[in-house]
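Numbering starts at 1 and runs along the sequence shown.
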Amino acid sequence: MEKGFIVRKVIIIGSGPAGYTAAIYAARANLSPLVVASSVEAGGELMNTTEVENFPGFPEGVMGPDLMAKMQEQAEKFGAEVVYDDVVSLDVSGDIKSVTLGRGETHEAEAIVFATGSAPRKIGIEGETRLSGRGVSYCATCDGFFFREKVIAVVGGGDSAMEEATFLTKFASKVYVIHRRGELRASKIMQDRAKANEKIEFVWNSEVIDVLGEDAVTGVRLRDTVDGSERDLALDGVFVAIGYDPRTHLVHNVLDITEHGTVWVDGRTSKTSVAGVFAAGDVIDPTYRQAVTAAGSGTVAALDLEHYLAARGDAGAPAEDASIIDGLPTPA
């Protein structure tokens, strides 16, 4: 039988902390998961992060790519299979779900974990799109090296923006932080770190309304959010760090979506609106969006799918154990 026509127990779409944690749990349960890791975004957003200081078990911190490599290694150790391709379509209408990859292969499984994470949010202006890759970037660790001794700006006021700005001072001669408000949303430790850096200057109560330049960024046009006045700021590059949007394009009109744009799940479970399809990580989380919460969410998804398969008589606990299947204690 061809590999593409084997009906697997589970396919996991996504390879961030949620996807790989789900894979670790599923593999240890002898479910031999297939992980579709993406051809260009394998490892998720942590691949674009420098030092992660708040993931438990790493008191000295750990580099984002190193953490993801360890998670993948652990999943593969227990029997997970990882493919570097992108899902272009999926059919979840029947008991057997199918996933079609970019290179044309179709894989089938009894259950799917949807853990595609989130993507950087864009400002949504013409100059940003036109100059993307020519001075406009969404990843400091990817592109910071190209701005040695340059004057650049980071747009945003959260932890991600502070992390990007601080990291970019390793290369740039000056880093402006442009924020719509008069105070930051970032955690105190990240604020203090940025404010103490002599290369960082804050531009308060300002929004970017245009990115200037023909073939490369030469500056931005700012509008004062208090009095409406406009001015230009000369720059060599712009890093946008204004948040992330869940990657749900594959499941629009397939799974129920919340008002936040995330995949709907039933309470604290990972159960989506379609039986046998589970979701985990940033794609269901509009609030916390941490590596550790995503990993916990991946655990929930793996346990939920194991109980789902058990109820079908395929794996895990006995189907008659309602307390395990429902995830709730059975009344005495």
Side-chain angles (χ1 to χ4, degrees), residues 1 3-39 41-44 46-47 55-58 62 64-87 90 92 96-99 101 105-117 265 269-272 276-284 291-319 321 324-325 327:
M1 182 181 292
K3 182 178 180 181
F5 292 94
I6 296 172
V7 178
R8 300 171 182 270
K9 295 298 182 187
V10 59
I11 294 173
I12 298 168
I13 305 173
S15 56
Y20 275 140
T21 302
I24 291 167
Y25 272 74
R28 290 188 73 248
N30 295 321
L31 298 179
S32 302
L34 174 69
V35 180
V36 183
S38 175
S39 61
E41 294 165 337
L46 279 187
M47 297 298 289
F55 199 89
F58 297 91
V62 59
D66 293 341
L67 178 60
M68 297 318 304
K70 289 295 186 184
M71 286 189 178
Q72 177 177 347
E73 180 182 345
Q74 190 172 0
E76 291 177 322
K77 172 186 174 182
F78 292 117
E81 179 185 351
V82 178
V83 295
Y84 297 100
D85 204 343
D86 301 292
V87 175
L90 67 164
V92 298
I96 301 301
K97 324 298 182 185
S98 67
V99 170
L101 305 185
E105 292 181 3
T106 296
H107 296 271
E108 295 182 331
E110 296 178 48
I112 286 177
V113 175
F114 192 71
T116 50
V265 291
T269 76
S270 64
K271 301 173 186 176
T272 70
V277 180
F278 306 88
D282 286 2
V283 80
I284 69 170
V292 68
T293 53
S297 181
T299 302
V300 170
L303 295 176
D304 282 346
L305 76 88
E306 189 176 351
H307 300 156
Y308 168 79
L309 294 175
R312 291 164 54 91
D314 293 329
D321 186 346
I324 291 180
I325 295 169

Any side-chain heavy-atom pair of Val292 and Pro56 under 4.5 Å: yes
With sequence neighbours excluded, residues passing side chain to side chain contact (heavy atoms under 4.5 Å, CB included) with Ala37: Ser15, Tyr20, Ala42, Val82, Tyr84
Side-chain donor or acceptor of Asp85 paired with backbone N/O of Leu101 under 3.5 Å: no
Smallest separation among heavy atoms of Met71 and Pro17, with atom names: SD-CA, 3.8 Å
Those residues that, when tested against Thr116, pass side chain to side chain contact (heavy atoms under 4.5 Å, CB included) (two or more places apart): Ile13, Phe114, Arg247, Val283
Pairing residues for Asp66 by the side-chain hydrogen bond (donor to acceptor under 3.5 Å, both in side chains) criterion, not counting sequence neighbours: none
Those residues that, when tested against Phe58, pass side chain to side chain contact (heavy atoms under 4.5 Å, CB included) (two or more places apart): Phe55, Val62, Leu67
Nearest atoms (heavy-atom pairs only) where Ser98 meets Thr106: CB-CG2, 4.1 Å
For Phe278, ring pair (Phe, Tyr, Trp, His ring centres under 6.0 Å) partners two or more places apart: Tyr308
Validation row: Leu305, Leu31 side chains within 4.5 angstrom (heavy atoms): yes
Under 3.5 Å: donor-acceptor pair, side chain of Thr299, backbone of Ala295: yes
Pairing residues for Thr21 by the side-chain hydrogen bond (donor to acceptor under 3.5 Å, both in side chains) criterion, not counting sequence neighbours: none
Least distance between heavy atoms, Ser297 atom then Gly281 atom: OG-N, 2.9 Å
Beyond-backbone contact of Glu108 with Ile6, side-chain heavy atoms, under 4.5 angstrom: no
Glu76: partners by side-chain hydrogen bond (donor to acceptor under 3.5 Å, both in side chains), with sequence neighbours left out: Gln72
Pairs touching residues 26-38 that satisfy side chain to side chain donor-acceptor pair (under 3.5 Å), sequence neighbours left out: Ser38-Asp86
Contact summary for Ala22 and Val113, nearest pair of heavy atoms: CB-CG1, 4.4 Å
Interatomic distance, Thr269 atom OG1 to His307 atom NE2 [nearest 0.5 angstrom]: 12.0 Å
